[in-house]
Amino acid sequence: MTIRVRFAPSPTGYLHIGSARTALFNYLFARHTGGSFLIRVEDTDLERSTEESTRSILEGLKWLGFEPDEEIVFQSDSADKHREAALRLLAEGKAYRDFTPKEDRTGKDIKQEIADKAREKGAEKDMRDNPYRDLPKEESDNRAEAGEPFAVRLKVAKDGKTSFEDAVYGLQERDYSEIEDLVLLRSDGHPLYNLAVVCDDIAMGITDVIRGQDHLTNTHKQILIYESLGEEKPNFAHLPLILAPGGKKLSKRHHGEIVALTTYRDRGFLAAAFRNYLALLGWSPKTEDELLGLDELIKVFSLEGINRSNAAFNFDANNPKRWTDDKALWMNAEYIRTLPVDELIPLVREELRGEQLWREEYDGEEREWFESTIELIRERFYTLKDFSEQGRAFFSEDFDFDKKAIEKNLGKHPDLREWLPALADKLEAIEDFTHDGIFPAVKEFCAEKGTKVGVVLNGARVLLTGQAVGPSMVAAIEQLGKEKTVMRLRSQVAWNE
RNA sequence: GACCCGUUCGUCUAGUGGUUAGGACACCGCCCUUUCACGGCGGCAACACGGGUUCGAGUCCCGUACGGGUCGCCA
């Protein structure tokens with residue numbers, strides 16, 4: 001049987017990085033096994049689902065490169081079928097009508113409320129105490145016909161247990177007494193999540209369900225539905241969760257944009273780097289290779305490599321340099337440094353365009369200069385943003401001077417105020433404006449002034465690029481060219497800041 | 001609270017009864033160099049705790065602690 005998996009986000013917000021990883025694992029599993037990767041939008045909650053969210057999620061998936069093999073399925077389109085399934089179970093006596101009036105659940109802390117209620121009842125709670133569970137069929141029919149609203153609940157047997165073999169967590173068992181008679185159909189006729197998922201997975205021919213560990217207990221409920229429906233259940237694989245630093249829950253409320261996938265795209269991550277990083281969170285190839293491109297990931301991916309323990313995403317919200325996990329940042333830098341320039345340039349082009357720094361010439365007559373500049377400055381960059389921020393001076397005259405750079409490299413050497421313009425004069429006279437022409441001139445200049453080359457070059461770096469760090473300075477001078485170099489070295493702007 | 005899941009360096013992880021417990025990121029030091037967030041070399045640093053089983057336990061069993069998940073006419 002060919003493998004068919006699906007990624008099933010609910011469009012109630014942006015794409016969470018945990019969901020992105022779930023999508024990744026589904027995608028890798030499908031590609032590795034030669035199966036199909038499908039996407040199903042779980043929009044059965046009409047009140048909370050938004051088109052905006054759907055668009056943003058699909059956009060995120062596209063950025064990561066996970067295009068579905070078949071048309072995207074919208075769960076709400078099949079609501080009629082889900083309802084039919086519930087009604088069939090009702091007719092077969094596997095479900096019953098519950099005439100209990102709907103509880104008002106509009107309160108803020110629903111989760112807390114439910115947990116508190118469960119705590120009160122403790123282990124004494126009888127999951128089979130619904131007064132309508134054994135209502136005679138005739139009475140139930142009559143009340144329904146009279147127009148009394150009812151929800152449809154699955155009639156879970158009193159004794160027995162569900163069990164399944166999870167590909168990650170092993171054998172899972174749950175006693176029926178722990179499972180309530182779950183609601184299949186709301187009193188307004190609206191099908192609910194567990195029913196919809198099962199029906200759709202059957203309809204889509206899903207063979208392997210790979211999803212977050214938060215669904216582990218739902219799985220037992222879904223198995224009951226599969227069994228009632230007389231359908232074969234798929235294989236299950238539950239993924240460990242991604243936690244915040246300290247092992248706490250990673251949530252939008254407490255951690256903000258850090259959990260949104262789009263943040264990574266917008267802050268200069270390469271999709272390839274982020275995919276690579278995400279793959280290593282909760283999964284291991286069991287080799288010492290960590291830099292794995294998509295093709296390699298597909299080749300070596302297997303469910304056996306998935307961990308059972310949750311992984312903490314490590315970052316420090318108060319430190320701009322560590323706005324996200326160190327290793328993710330390092331990996332992105334690694335991709336920026338090693339990607340073939342041809343592949344990097346389109347990404348840099350987008351970045352520069354976004355900041356109004358792009359010039360069409362870079363694709364034409366200045367292509368060579370542009371390429372060598374990228375080649376030169378990418379060495380110490382961490383994100384694509386660095387090309388328009390730290391690297392700005394290579395593409396524009398309008399760049400800022402880093403305060404610390406001024407302090408450290410100019411402030412401590414007041415002589416530079418005279419020296420750098422003097423250096424400009426010296427450089428202006430050079431015929432051969434290349435490394436071999438520039439470097440000896442700089443050395444000679446420093447010898448004349450009786451200072452270290454580093455002092456002068458560092459000072460020059462500030463005036464030329466506004467930065468305290470960067471590529472080899474002589475190479476940078478060559479790259480900028482004589483005109484800009486001379487002009488910037490003579491400028492007093494930085495000194496007056 | 002009940003049920004379920006988990007616990008190896010600060011973080012991500014390798015490890016399936018005998019290892020000097022390996023790698024990566026971060027951190028620190030040294031080297032290279034014309035400076036730096038490049039590069040090279042090196043260092044610091046972990047089996048949650050307590051009992052078993054065993055000649056021998058990070059690896060198996062039982063408890064404890066801690067953390068996480070779930071418990072809805074949400075998904």
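Lettering follows sequence order; numbering is per chain, from 1. Everything numeric in this text was worked out from a predicted model, so none of it was measured.
Across all strands, Asn307(A) comes closer than 4.0 Å only to sugar-phosphate atoms, never to a base (heavy-atom distances). No engagement by Ser49(A) is indicated, since no non-hydrogen atom pair under 4.0 Å with the nucleic acid exists. Residue Ala311(A) is in sugar-phosphate contact alone, with no base atom involved, counting any heavy-atom pair closer than 4.0 Å across all strands shown. Residue contacts for Tyr193(A): at a heavy-atom cut-off of 4.0 Å it reaches a base atom on one of the strands shown.
Looking at Arg308(A), its side chain has no donor and acceptor atom pair within 3.5 Å of the base of C5(B). Not a single donor-acceptor pair, N or O on each side, falls under 3.5 Å between the base of A14(B) and the side chain of Lys286(A). The base of C73(B) sits with one of its N or O atoms less than 3.5 Å from a complementary donor or acceptor on the side chain of Ser187(A). In this model, no side-chain donor or acceptor of Asp43(A) finds a partner on the base of A75(B) within 3.5 Å.
The partner of C30(B), taking Watson-Crick or G-U wobble pairs whose two distances both stay under 3.5 Å, is G40(B). Searching all strands for a Watson-Crick or G-U wobble partner of C55(B) with both distances below 3.5 Å returns G18(B). Base pairing of U11(B) is made with A24(B), judged by Watson-Crick or G-U wobble geometry with both donor-acceptor distances under 3.5 Å. Remark: G6(B) base-pairs with C66(B); criterion is Watson-Crick or G-U wobble with both hydrogen-bond distances under 3.5 Å. A 3.5 Å limit on both hydrogen-bonding distances identifies G1(B) as the Watson-Crick or G-U partner of C71(B).
In terms of the side-chain hydrogen bond (donor to acceptor under 3.5 Å, both in side chains) criterion, residue partners of Glu173(A) (sequence neighbours excluded) are, by chain and number, Lys161(A).
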Once base and sugar-phosphate atoms are separated, protein heavy atoms under 4.0 Å mark nucleotides 29-47 of chain B, 5' to 3', with B, S and - as -----BBBBBS--------
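In summary, the side chains of Tyr264(A) and Asn332(A) do not present any donor paired with an acceptor at a separation below 3.5 Å, with no hydrogens or angles considered.
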Any protein N or O atoms within reach of nucleotides 58-65 of chain B? Criterion: under 3.5 Å, listing atom names and distances.
none

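Among the nucleotides G69(B), A75(B), A26(B), the one closest to any side-chain atom of Leu241(A) is G69(B). You'll find that the side chain of Glu290(A) is closest to G23(B), out of G23(B), C3(B), C71(B).
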